[in-house]
Amino acid sequence: MSEQVAGGSETQQRYNPAEIEPKWQARWDADPGLYAADRHDSGRPKFYCLEMLPYPSGQLHMGHVRNYSIGDALARFMWMQGYNVLHPMGWDAFGLPAENAALKNNTPPREWTLSNIAAMRKQMARIGFSYDWANEVTTCLPEYYRWNQWFFLKMFEHGLAYRKKSKVNWCPDCQTVLANEQVINGRCWRHDDTLVEQKDLTQWFLRITQYADELLNGLEKLEGWPEKVRTMQRNWIGRSEGTLVDFALEDAAGAGADQCPAITVFTTRVDTIFGATSIQIAPEHAVAKRFSEQDAVLAGQVDKMIAEQKAARESGDVGAIEKHGVSTGRLAINPFNGERVPIWVANYILADYGSGAIMSVPAHDERDFEFAAKYGLEVRRVIVPDVHGEELPPLPYLDEDASVLMNSGAWSGQSCREAQAAMGKHAKENKFGEPTVTYRLKDWGVSRQRYWGTPIPMVYCRNGHQGVEADGVVALPESALPVLLPEQVEITQQGGSPLGRLAGFVDTTCPVCGGPARRETDTMDTFVDSSWYFYRYTDAKNATAPFDSAKANYWFPIDQYIGGVEHAILHLIYSRFWTKVMRDLGLIENDEPATRLFTQGMVIKDGAKMSKSKGNVVSPDDMIARYGADSTRMYALFAAPPDRDLDWQEEGVAGISRFLGRVYRLTIKYAEQIRGTATGRGKQGAAGQALLRKLHQTIAKITQDFSGRWHFNTCIAAIMELVNTILDHEAAMDSGEVSAATVAEVFRTLTLLLAPFAAFLAAELWEQIGGEGAVFRVAWPVADAELARENEVEIPVQINGKLASVIKLAAGSDEEIIKAAALADPRIQARLEGRTLVKVIVVPAKLVNLVVK
RNA sequence: GCGAAAGUGGCGGAAUUGGCAGACGCACCAGACUUAGGAUCUGGCGGAGAAAUCCGUGGGGGUUCAAGUCCCCCCUUUCGCACCA
């Protein structure tokens, strides 16, 4: 295989990653068990290290390299710490780009996707990532997606999957429906500049709202997740406690009151209801529509408002639009005091939140105040601070914690909180309302009018099956799975799912009556695939179940999940939901998928996100070809702390490459000597002591950083310092002043410290210095505190907080000795001349501060 | 508008608990060496100053023997949410 360097010439001693890395890659490729996790009875503690799986675009980008380098360093470290590590990888392989590519290149999506996967797997191997490929998961294969269908049937059976007609988000570019989570500022998550439209369609939904409270409360326990992600999820769920109150329409106001006897408003401040001076309803509200039918002028104004709202949503500044409205001329009755208040239609009322109608209390709500000021509506104060000041606070007055009601009938004098509870109860008892909880979170629409996705395992019986389900919806039995995605399909971007044009797919028989039936032609959202893929990794070849519960229960929860923050409310909320559903189905025991989540920063270049249009894309292949994989990934870890954005500077990669070159030359120089030397410690001279001190300080620093802070940039800096120290003592090592055993310990340990960051080089050096077995299965070095201790310390001496001198003392000197030494220092004495020493502050081992006048 | 994070040399960044600001690396400058390499080695590198020394972590106040770090006010940038009743 590789040639030994024995007596090597200069050229042979030069660090050449282009030679070393492919050599080790070939060896690793030939050993599929190398990174395999042990079975769950290994007796070692488990560690599930997971990075978010990529979409197989065909090319790894720098963001992937960074993400996976972090995970790889951690996985290797945990192996060396003796853990049974599961470190899998897979492919989020369904999705629209495959269809676009099919149109463009006339390649079937499956073929395109699978060849991309092969290319990316090759790239990953070239970089040397430590994945257990035996458990690879590819979501577009029937072995995987049949379980999506299986879960869908389970959810249908438990009422968690249902069909309804509703307003849905439609991306004209994707030609499909999108979930709320996939709409970002009114635009499609795949198309930054495509405005999402609203359509009325019948679609499949998953009842994620059933878990809204648990998803919210569970966030409290996820202490290992970034606060930012938890906050985003909290806001997305948007729980709000309030009260629904029915305002009856006044009969005299118009005909048809019997058809719609009341407007239900939602409020979180029912305690302010005596201050309600109007009702405001959304332009899309059913009552607005009905009034419009009888009033052409109103109809025109309402339509205008709807159009304006739409335009504002599309231009992305919904919040900036001026509040305005129009009076309907009708009145509604406040059930708490019998008062008649005017009904308005206003543009700031959202149809899809709460009940689409509010009571307007100008005195105690900012928007209502603004609106009332504009239209001269009455502003009536009903809440005051509970401490009686001379002056009443200005309006709108919003406090509800230290305030009480006034002018509110029987509730006057009660605190806001008391009144909220009492008035909700009162409404319920008198049947004109009730306390309620609303959420911003909506059920997850999973139907997609696309081809390249999991077929939904439902059929529509042409016989109707009245009484069973509307539209003759019939669930397929488990035995009918998988519903295979046909392969010969003409992809177009128009006219709904291409599956609908395949008679062979659409036409089927009803599993209940045997009569003619039509298959569902929509496919599932790709986020279904990624909601549970990490469970499949624990048992990826299982042909009879999504996974074996015993295996999943051993590995779960994931100990460390690593990925980009862009999934904070997409994948990360869906997969939490899926976990809870699987738990309730009895498949798993954990409540949450991952104990710890780490979101790495973006890789940017010249201050901007890499993009083709900006022309600032740095290709990993390019970097690897020039500097090698070790230098590329080590730079990705060195250039910034992993949670921050990283500005890619090629000169920095070259710097890392030079550093690794120094390590290589130095280690090879002593390799033969190290091979022939047993470990062990004898007497040390000063140089040997200094080397071991730095070595053990470095071990301690890196070990500690791996336990949570993850500042790999400073870990690598520490290794560089260590190497600089070794270079400082090169002469002493050459002369034999440093013992051979110490030289051996230093280089063996250095190699181990490098292993998580520069896998190829570490493997090569480990072999060169005669190490046994795979370097990342060797026990991680343990820092010896005794060796790491400094025996002499430099203590700065300040005068009035400014540095005046530095004294050298034996470590552990007590306060008196430090103080005496500081005062005896000639530089200090000179500067104290003629001044009065007021106070001496001694911080042992840290500094001395002399306060003088 | 609300919320979060951040602001330190020419650049990326370090300083985990208040204790020598600028570790480590890049770029740059000077020199050495040479098989002229995408080398390597030595030294320098926050600002002002000949030096002693002084100034310096977005700005302004404060606490402290001591502040990049803690407190108050303000500015800027990035991200998230954005009429949520």
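Chain letters run A, B, ... following the sequence lines, proteins first and then strands; every chain starts at 1.
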For a quick check of understanding: with a heavy-atom distance under 4.0 Å over all strands, which category does A:Ile719 fall into, base, sugar-phosphate or nothing? nothing

Is it the case that the side chain of A:Arg66 and the backbone of A:Leu637 share a donor-acceptor pair, with hydrogens and angles ignored and the cut-off at 3.5 Å? no

What's the gap between B:rG3 and B:rU57 when it is taken at their C1' atoms, as a whole Å value? 26 Å

Look at all strands and tell whether A:Asp645 reaches a base, only sugar-phosphate, or nothing, counting heavy atoms closer than 4.0 Å. sugar-phosphate

Within this structure, what is the CE-to-C1' distance between A:Met602 and B:rA5, rounded to whole angstrom? 13 Å

Mind calculating the distance between NZ (A:Lys846) and C1' (B:rC65) to the nearest angstrom? 17 Å

When the P atoms of B:rA30 and B:rU35 are compared, how many Å lie between them, rounded to an integer? 23 Å

Give one of base, sugar-phosphate or nothing for A:Glu227, where a contact means two heavy atoms less than 4.0 Å apart. nothing

Please report the distance separating the C1' of B:rC75 from the corresponding atom of B:rA14, rounded so that it comes out in whole Å. 26 Å

Could you work out the separation of B:rC20 and B:rU77 based on their C1' atoms and round it to a whole Å? 31 Å

Generate the contact string for nucleotides 22-29 of chain B. Rules: B means base contact, S means sugar-phosphate contact only, - means no protein heavy atom under 4.0 Å. -BBSSS--

Counting only side-chain nitrogens and oxygens, does A:Lys802 get under 4.0 Å of the OP1 or OP2 atom of B:rC65? no

If only side-chain N and O atoms count, and only distance matters, is there a donor-acceptor pair under 3.5 Å linking A:Lys228 with A:Thr599? no

Should the side chain of A:Lys839 and the base of B:rC65 be counted as holding a donor-acceptor pair, with the cut-off at 3.5 Å? no

What's the closest nucleotide to the A:Ile841 side chain, out of B:rG13, B:rC83, B:rG19? B:rG19

Please confirm whether the backbone N or O of A:Val663 pairs with a side-chain atom of A:Thr667, one donor and one acceptor, at under 3.5 Å? yes

With the side chain of A:Pro796 defined as its heavy atoms from C-beta on, choose the nearest nucleotide among B:rA85, B:rC20, B:rC54. B:rC20

Take the protein atom CD1 of A:Ile604 and the nucleotide atom P of B:rU77, then report the distance between them rounded to whole Å. 16 Å

Report which part of the nucleic acid A:Val851 touches: base, sugar-phosphate, or nothing (heavy-atom distance under 4.0 Å, all strands). sugar-phosphate

From the set B:rC20, B:rA85, B:rA14, return the single nucleotide nearest to any side-chain atom of A:His711. B:rA14

Check the side chains of A:Ser240 and A:Tyr439 for a donor-acceptor pair under 3.5 angstrom, ignoring hydrogens and angles. no

Could you tell me how far B:rA36 sits from B:rC26 if I compare only their P atoms? Round to whole Å. 24 Å

To the nearest 0.5 Å, what is the distance between NZ (A:Lys167) and NZ (A:Lys442)? 13.5 Å

Indicate whether any N or O donor in one side chain lies under 3.5 Å from an N or O acceptor in the other, for A:Asn169 and A:Gln198. yes

A:Gln704 near the nucleic acid: base, sugar-phosphate alone, or nothing, with a heavy-atom cut-off under 4.0 Å? base

If I pick the C1' atom on B:rC11 and the same atom on B:rG22, what distance separates them, to the nearest angstrom? 13 Å

Could you state the atom-to-atom distance from CZ of A:Arg644 to P of B:rC79 in whole Å? 16 Å

Distance below 4.0 Å between A:Tyr348 side-chain N/O and B:rA85 OP1 or OP2: no

Nearest-Å distance for atom pair CZ/C1', residues A:Arg709 and B:rU17: 12 Å

Are A:Trp225 and A:Phe598, when compared by the centres of their aromatic rings, separated by less than 6.0 Å? no

Run the salt-bridge test on A:Arg596 and A:Glu223 with the 4.0 Å N-O cut-off and return the result as yes or no. no

Distance between C1' atoms of B:rA4 and B:rC55 (Å, rounded): 34 Å

Any idea if B:rG9 is syn or anti, going by the 90°-from-0 cut? syn

Check ion pair A:Glu833-A:Arg835 (N to O, under 4.0 angstrom): no

A:Asp246 (side chain) donor-acceptor with A:Ala262 (main chain) under 3.5 angstrom: no

Atom pair CG (A:Leu722) and CG (A:Leu753), whose distance is rounded to the nearest 0.5 Å: 7.0 Å

Whole-Å gap separating P (B:rG3) and CZ (A:Arg230): 19 Å

Whichever of A:Asn800 and A:Ser240 has its nearest RNA chain B nucleotide further upstream toward 5': A:Asn800

Please list every stem that involves RNA chain B, where a stem is a run of 3 or more consecutive Watson-Crick or G-U wobble pairs with both pairing distances under 3.5 Å. B:1-7 with B:75-81, B:10-12 with B:24-26, B:28-32 with B:40-44, B:46-48 with B:53-55, B:58-62 with B:70-74

Could you check whether any side-chain N or O of A:His364 sits under 3.5 Å from a backbone N or O of A:Tyr397, counting only pairs where one atom can act as donor and the other as acceptor? yes

Any chance you could list the contact pattern along nucleotides 44-51 of chain B? Use B for base contacts, S for sugar-phosphate-only contacts and - for none, protein heavy atoms under 4.0 Å, 5' to 3'. --------

C1' atoms of B:rU53 and B:rG62, separation to the nearest Å: 28 Å

The nucleotide from B:rC41, B:rA85, B:rC79 with an atom nearest the side chain of A:Arg665 is B:rC41

Judged by each residue's nearest nucleotide on RNA chain B, which is more toward the 5′ side, A:Asp365 or A:Arg626? A:Arg626

A:Arg417 bridged to A:Asp401 by N-O distance under 4.0 Å: yes

Gap between atoms CZ and C1', on A:Phe266 and B:rA85 respectively (whole Å): 7 Å

NZ/NE/NH1/NH2 to OD/OE distance under 4.0 Å, A:Lys701 and A:Glu721: no

Separation of B:rG18 P from A:Gln798 CD (nearest whole Å): 16 Å

